[in-house]
Amino acid sequence: MSSHQSPFQHPEDKVQPNSRQQQVVQILKQIIEPTVKNDIVSLGMVRNLRIVNDYVYLRFYIGSHQHQLQAEIESALSSLAWCKKTYIQLCTIPGIKTTLAVSSGKGGVGKSTTTVNIAAALRLQGAKVGLLDADVYGPNVPQMLGLGQADIQVIHTPAGDKFLPLEAQGIKVMSVGLLAEADRPLAWRGPVLHKIITQFLQDVEWGELDYLLIDLPPGTGDAQITIIQESPICGVILVTTPQQVAIADVRRNIHMFRQGGVPVLGIIENMSYLICGDCGSRTPIFGSGGGEQLAAELQAPLLGQIPIDARICQGGDIGSPIVMSDRTSPASQVFTQIAAALNTTFAWYSFG
Ligand code: ADP
């Protein structure tokens, strides 16, 4: 091959695709999200970045208050001499500022209980909250909030037909369980599952919400990956018990989120200890130190340790989350602190 270079070749043309990618990332890293005060790359808001010829393609995951950042990206990338145009595919849910996911490696560790109680604690602190129960394997959020099997209303909007969420304890609720017949397993697979989940993420008329909490199915399967790709999740909270087996599953779970570019906000250890009704001593029924060990290993903060409490279980059965029914209980205090930490992170001090 000739080593001759065309005199018309621009020095920028020699830039390899890989370093172009780095240039783009460097520029995007200078765009700061004003609420959380971190750059949009570190926050996991930019994903699927591709450069084809002289065009930049990316997916941008945003809340309803962050649309102005799109223009900032376009303007920042226009400074690249080789970049002819930037194509931005927005991933957002209309009306929702902050979308958070709650996940667990395995079932039965208290993921839905935690989601419901954090939603209730956020609501008590004045936030407008919605809860999307996407646990296709065990959708029990409606029961935990006292909702029976109800017909989902569909309304016609200019953007097409939308499901109307139900409301319980001031929290808007939509659940895959509300679509299914009671007591029947949800036997959705592959493309059907993907379609139903995508529809759930896009076709619910939530109105204006400060937070949407998504109760994910446990594990690392197709359903979880679809939700990670198709929803503007700002961060995920992982729930585990102190047992080693539960912890190994959370480890896999965390890797799935990090691979998908979703920040891990922290770990909640549930069923950490039993408080003796007589002397107040704490017994670690399922072992101890698991959550702390995991937090240190995976460099994710331990957000709280929830005791075993029969009232948590009863509250779930009768549709009355402990955070609302017994605000001073040790478990409620932990949920309340976690909600306050979320409010500090996402800076929703004043709710409109
Ligand atoms: P997951 O969503 O992980 O499958 P759930 O939230 O449905 O788990 O909880 C499983 C069961 O454990 C439920 O009956 C729930 O009431 C109970 N439970 C969860 N956390 C606690 C706790 N800290 N103390 C007592 N019972 C709990």
Side-chain angles (χ1 to χ4, degrees), residues 100-121 131-147 168-169 171 173 175-177 182-183 185-186 213-221 223-224 227 236-243 245-254 256 267-277 282-288 290-291 294 302-339:
L100 302 174
V102 184
S103 181
S104 67
K106 68 198 273 274
V109 298
K111 171 181 54 62
S112 300
T113 305
T114 302
T115 316
V116 164
N117 277 286
I118 293 177
L131 209 168
L132 179 66
D133 177 12
D135 188 346
V136 283
Y137 309 121
N140 43 20
V141 164
Q143 185 197 342
M144 289 182 172
L145 281 167
L147 290 168
Q169 331 258 1
I171 299 165
V173 184
S175 167
V176 286
D183 305 329
L186 303 181
L213 265 56
I214 305 182
D215 185 9
L216 290 179
T220 51
Q224 293 83 341
I227 297 168
V236 59
I237 294 171
L238 288 133
V239 182
T240 185
T241 59
Q243 285 162 289
V245 54
I247 282 169
D249 288 326
V250 174
R251 211 175 262 131
R252 273 190 284 276
N253 214 238
I254 285 197
M256 174 184 71
I267 297 162
I268 296 178
E269 189 186 78
N270 187 29
M271 309 192 200
S272 295
Y273 53 88
L274 183 73
I275 303 175
C276 171
R282 297 176 170 197
T283 309
I285 305 264
F286 297 123
S288 62
L294 196 66
L302 184 61
L303 300 175
Q305 292 174 298
I306 318 284
I308 299 168
D309 189 329
R311 289 168 298 177
I312 295 181
C313 192
Q314 284 153 12
D317 289 346
I318 61 168
S320 171
I322 191 164
V323 160
M324 288 188 163
S325 62
D326 188 349
R327 292 187 193 188
T328 57
S329 69
S332 299
Q333 286 174 20
V334 181
F335 288 126
T336 302
Q337 279 162 15
I338 293 168

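One-based numbering, in listed order, for ligands and for the atoms of each. Numbering of residues begins at 1 and proceeds along the displayed sequence. Predicted model, so just to flag it, every value in this text is computed and none were measured.
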- Message: Do Ile254 and Ile267 have side chains that approach each other closer than 4.5 Å (heavy atoms only, starting at C-beta)?
- Response: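 Yes. Closest side-chain heavy atoms under 4.5 Å.
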
- Message: Show me the pairs that pass salt bridge (charged side-chain N to carboxylate O under 4.0 Å, His left out) and involve residues 103-121, at least two apart or across chains.
- Response: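 Applying salt bridge (charged side-chain N to carboxylate O under 4.0 Å, His left out) to every pair that reaches into residues 103-121, excluding sequence neighbours, yields Lys111-Asp135, Lys111-Asp215.
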
- Message: Per the salt bridge (charged side-chain N to carboxylate O under 4.0 Å, His left out) rule, what does the pair list look like for residues 312-332, sequence neighbours excluded?
- Response: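 Residue pairs passing salt bridge (charged side-chain N to carboxylate O under 4.0 Å, His left out), neighbours aside: Arg311-Asp326.
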
- Output all residues satisfying salt bridge (charged side-chain N to carboxylate O under 4.0 Å, His left out) with Arg251, sequence neighbours left out; order by chain, then residue number.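 Listed in chain order: Glu297.
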
- Message: Residue by residue, ordered by chain and number, which ones reach under 4.0 Å of ligand 1 with a heavy atom?
- Response: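 Protein residues near ligand 1 are Gly107, Gly108, Val109, Gly110, Lys111, Ser112, Thr113, Asn140, Met144, Asn270, Met271, Pro307, Ile308, Asp309, Ile312, Cys313.
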
- What's the shortest heavy-atom distance between Gly110 and Asn270, and which atoms?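 Looks like CA-ND2, 3.5 Å.
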
- Report the distance from atom CD1 of Ile247 to atom OG1 of Thr240, rounding to the nearest 0.5 Å.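 Interatomic distance, Ile247 CD1 to Thr240 OG1, rounded to 0.5 Å: 5.0 Å.
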
